[in-house]
Amino acid sequence: MENTMTEGKEWKLILRFTLPLMAGNLLQQLYNAVDGIIVGNFVGEAALAAVGTCSPLSLLLIAVAIGMSSGASIVISQFYGAGQMDEMRKSVTTSLVLMLGLGAALSLLGVAGARWFLAVVLGVQDYLLADAVLYFRIYALGLMFQFLYNIVSAILRSMGNSKATLYFLLISSVCNVILDLVVVLWLGWGVLGVAVATVFSQALSAVAGLAYLARHYPELRMTKQRFQFDRETGRLVLKMGVPSMLQQCVLSLSHIAIQRVVNAFDITAGYTAAIRIEDFIVIPITCYFIGLATFTGQNLGAKKLERVRRGLQGTIVMTAITVVIVCAIVLAGAPWLVSRFGVMGASKTAAVSYLRCVGIFFLLFGLYFCYNGVLQGAGDVMFNAFNTFSSLALRVILAYIMAFCTPLGWNAIGYSLVISWVYNVALAFLRYRFGPWKRKGVVAAE
């Protein structure tokens, strides 16, 4: 089978799969950073804060897409590894139908509830509210494209093809940067222009993904006869996808809770800049996670358990080397990096302090995602959901207590995150060492 990960040197296969993902995610984060740099420098710090304060809500909606796509990829990769192509095709079409329906529903919810979510749930300051509502409503209108892109990417990754998503993101990133410059600098649309550029770029990547899938995988081409929803397969996808979706949603809800702390100290612009920079550190960690999860799914489907163990060992080494290098760069250049976003004064101080706090401990986060990759690929999604839920609850509780009841103030945001990482790593290691993940495969080899 093309792009199978069941034969060959484990770490090389994972690295080869992961590098295009890293390049694609780097492009995505670069154009997110460009958004922030253009808004912060050419529209104003308040506009940057308005866009940034929408991030937790945007992440919450995207969390559904990422979670359901992750669940679908478990099913698809294991069918692919087991050589059960008819079942794999049914899982692809069923997943597409599910994602399109969810995308449409959440798009309507985002447009209708934008003001309430921002004003009541996040407590956005009055001087930021109008721009924030405008940005989020336009963003929500394009949510269908996010869902479509995520599921197409998950389908391709499940079959070992990570290079295609790089091409889609390259198209989207270049388009977004050009449109940002046109609508903000030339047309003077401000926050409105940034939102329109983002939605248009997402639509372009979704259409490119569908076209690629149809051209290069004719067996998955969506004809009228094939584009059907299979109930039994749908239940299996939901069984894997809902816990992953809830896990992602709880993660986003924790960002909303933390955003209220940020807004209370009025350091929104600085925190936005810090998170945009932090996202670059996260890129290799999450990409190794996706690579290891796909590798695990295919090899468990093929009943090659020892390869999974060796794949984990290699991924831990690669993650450690990469994280140390990236964090060293960010820690050394934090003040300069933050100032690129046009952030100064107390907001800049807060951003630099946050980055230096979490940057030292990012290796813990990387180790957690390595063990999590094996558990996710094996289909042990309920444990992963529990680990995420409990650690996020711990983080939010500690953040509020330390921020408002101790002299730490806004520094509690970073310290609470580090403590939650220690908890994550401990639970994930114990589950890998003693848990039943070896028997969690959702399909059997023929």
Side-chain angles (χ1 to χ4, degrees), residues 1-30 66 69-70 72-74 76-83 85 88 92 149-173 205 208-209 212-213 215-217 220 280-326 366-367 369-378:
M1 291 182 295
E2 183 185 5
N3 296 318
T4 182
M5 301 176 78
T6 57
E7 300 290 343
K9 191 65 176 177
E10 296 83 5
W11 71 267
K12 288 184 179 178
L13 288 169
I14 294 169
L15 181 62
R16 191 181 302 129
F17 178 91
T18 300
L19 286 176
L21 291 180
M22 288 186 189
N25 278 274
L26 179 61
L27 284 172
Q28 192 169 35
Q29 294 306 330
L30 280 172
I66 295 174
S69 297
S70 297
S73 70
I74 295 171
I76 297 168
S77 66
Q78 291 196 24
F79 278 134
Y80 186 73
M85 304 309 290
M88 190 201 77
V92 166
Y149 167 76
N150 271 277
I151 189 58
V152 169
S153 297
I155 292 167
L156 292 169
R157 289 195 303 266
S158 298
M159 296 184 291
N161 186 345
S162 60
K163 293 180 181 178
T165 55
L166 171 60
Y167 306 144
F168 311 151
L169 286 173
L170 178 60
I171 295 170
S172 178
S173 300
S205 63
Y212 183 93
L213 196 65
R215 180 176 180 180
H216 294 274
Y217 296 89
L220 299 178
F280 284 95
I281 309 176
V282 173
I283 287 172
I285 295 173
T286 55
C287 290
Y288 282 130
F289 160 76
I290 294 170
L292 185 55
T294 303
F295 176 87
T296 299
Q298 288 194 16
N299 282 278
L300 275 185
K303 301 302 182 185
K304 297 184 176 182
L305 187 61
E306 189 56 37
R307 286 180 58 80
V308 176
R309 294 193 180 96
R310 292 196 297 267
L312 171 63
Q313 292 168 1
T315 304
I316 288 175
V317 173
M318 292 187 292
T319 298
I321 294 171
T322 308
V323 169
V324 168
I325 294 172
V326 175
L367 289 174
F369 262 64
C370 287
Y371 290 113
N372 202 30
V374 172
L375 301 176
Q376 182 76 12

Indicate the atoms forming the closest heavy-atom contact of [X] with [Y], along with that distance.
X	Y	answer
G377	T296	C-CG2, 3.9 Å
S158	Q298	O-NE2, 3.1 Å
L13	R307	CD1-NH2, 3.3 Å
C370	T319	SG-OG1, 3.4 Å
I171	A208	CD1-CB, 4.3 Å
I14	G291	CG2-C, 4.3 Å

Decide yes or no for [X] and [Y]: does some side-chain heavy atom of the first lie under 4.5 Å from some side-chain heavy atom of the second?
X	Y	value
L305	L300	yes
E7	K304	yes
V308	L312	no
I290	T18	no

Requested in this report: Keeping the roles fixed (side chain from Q376, backbone from G297), state whether a donor-acceptor pair exists under 3.5 Å.
Outcome: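 No; judged by distance alone, with no hydrogens or angles, the pair does not exist.
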
Requested in this report: Output yes when a side-chain donor or acceptor of T286 lies under 3.5 Å from a complementary backbone atom of V282, and no otherwise.
Outcome: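 Yes; at least one donor-acceptor contact below 3.5 Å.
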
Nearest 0.5 angstrom please: [X] [atom1] to [Y] [atom2], how far?
X	Y	atom1	atom2	result
I285	N372	CD1	CG	12.0 Å
T315	R310	OG1	CZ	12.5 Å
L375	F289	CG	CZ	9.0 Å
S205	Y212	OG	OH	15.0 Å

**Report entry** Pairing of E10 and R309 as salt bridge, 4.0 angstrom limit
**Finding:**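 The answer is no: the pair does not qualify as a salt bridge.
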
Query raised in the report: With ring centroids as reference points, do F295 and F17 lie under 6.0 angstrom apart?
Result: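 Ring-ring flag for F295/F17: false, centres at least 6.0 Å apart.
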
Requested in this report: Output all residues satisfying salt bridge (charged side-chain N to carboxylate O under 4.0 Å, His left out) with R16, sequence neighbours left out; order by chain, then residue number.
Outcome: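 R16 satisfies salt bridge (charged side-chain N to carboxylate O under 4.0 Å, His left out) with no residue once adjacent residues are dropped.
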
Report task. Show your working on side chain to side chain contact (heavy atoms under 4.5 Å, CB included) between I316 and Y371 and close with a plain yes or no. Result -> CA-CA 9 Å; I316 288 175; Y371 290 113; 4.0 Å; yes

Requested in this report: Apply ring pair (Phe, Tyr, Trp, His ring centres under 6.0 Å) to F280 and list each qualifying residue two or more places apart in sequence or on a separate chain.
Outcome: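 Checked F280 against ring pair (Phe, Tyr, Trp, His ring centres under 6.0 Å); zero matches.
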
Query raised in the report: Quick one: do the Y149 and S172 side chains pair a donor with an acceptor below 3.5 Å?
Result: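 No pair is found: no donor N or O on one side chain lies under 3.5 Å from an acceptor on the other.
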
Requested in this report: Please lay out, stage by stage, how F168 and L156 fare under the test side chain to side chain contact (heavy atoms under 4.5 Å, CB included).
Outcome: CA-CA 12 Å; F168 311 151; L156 292 169; 3.7 Å; yes

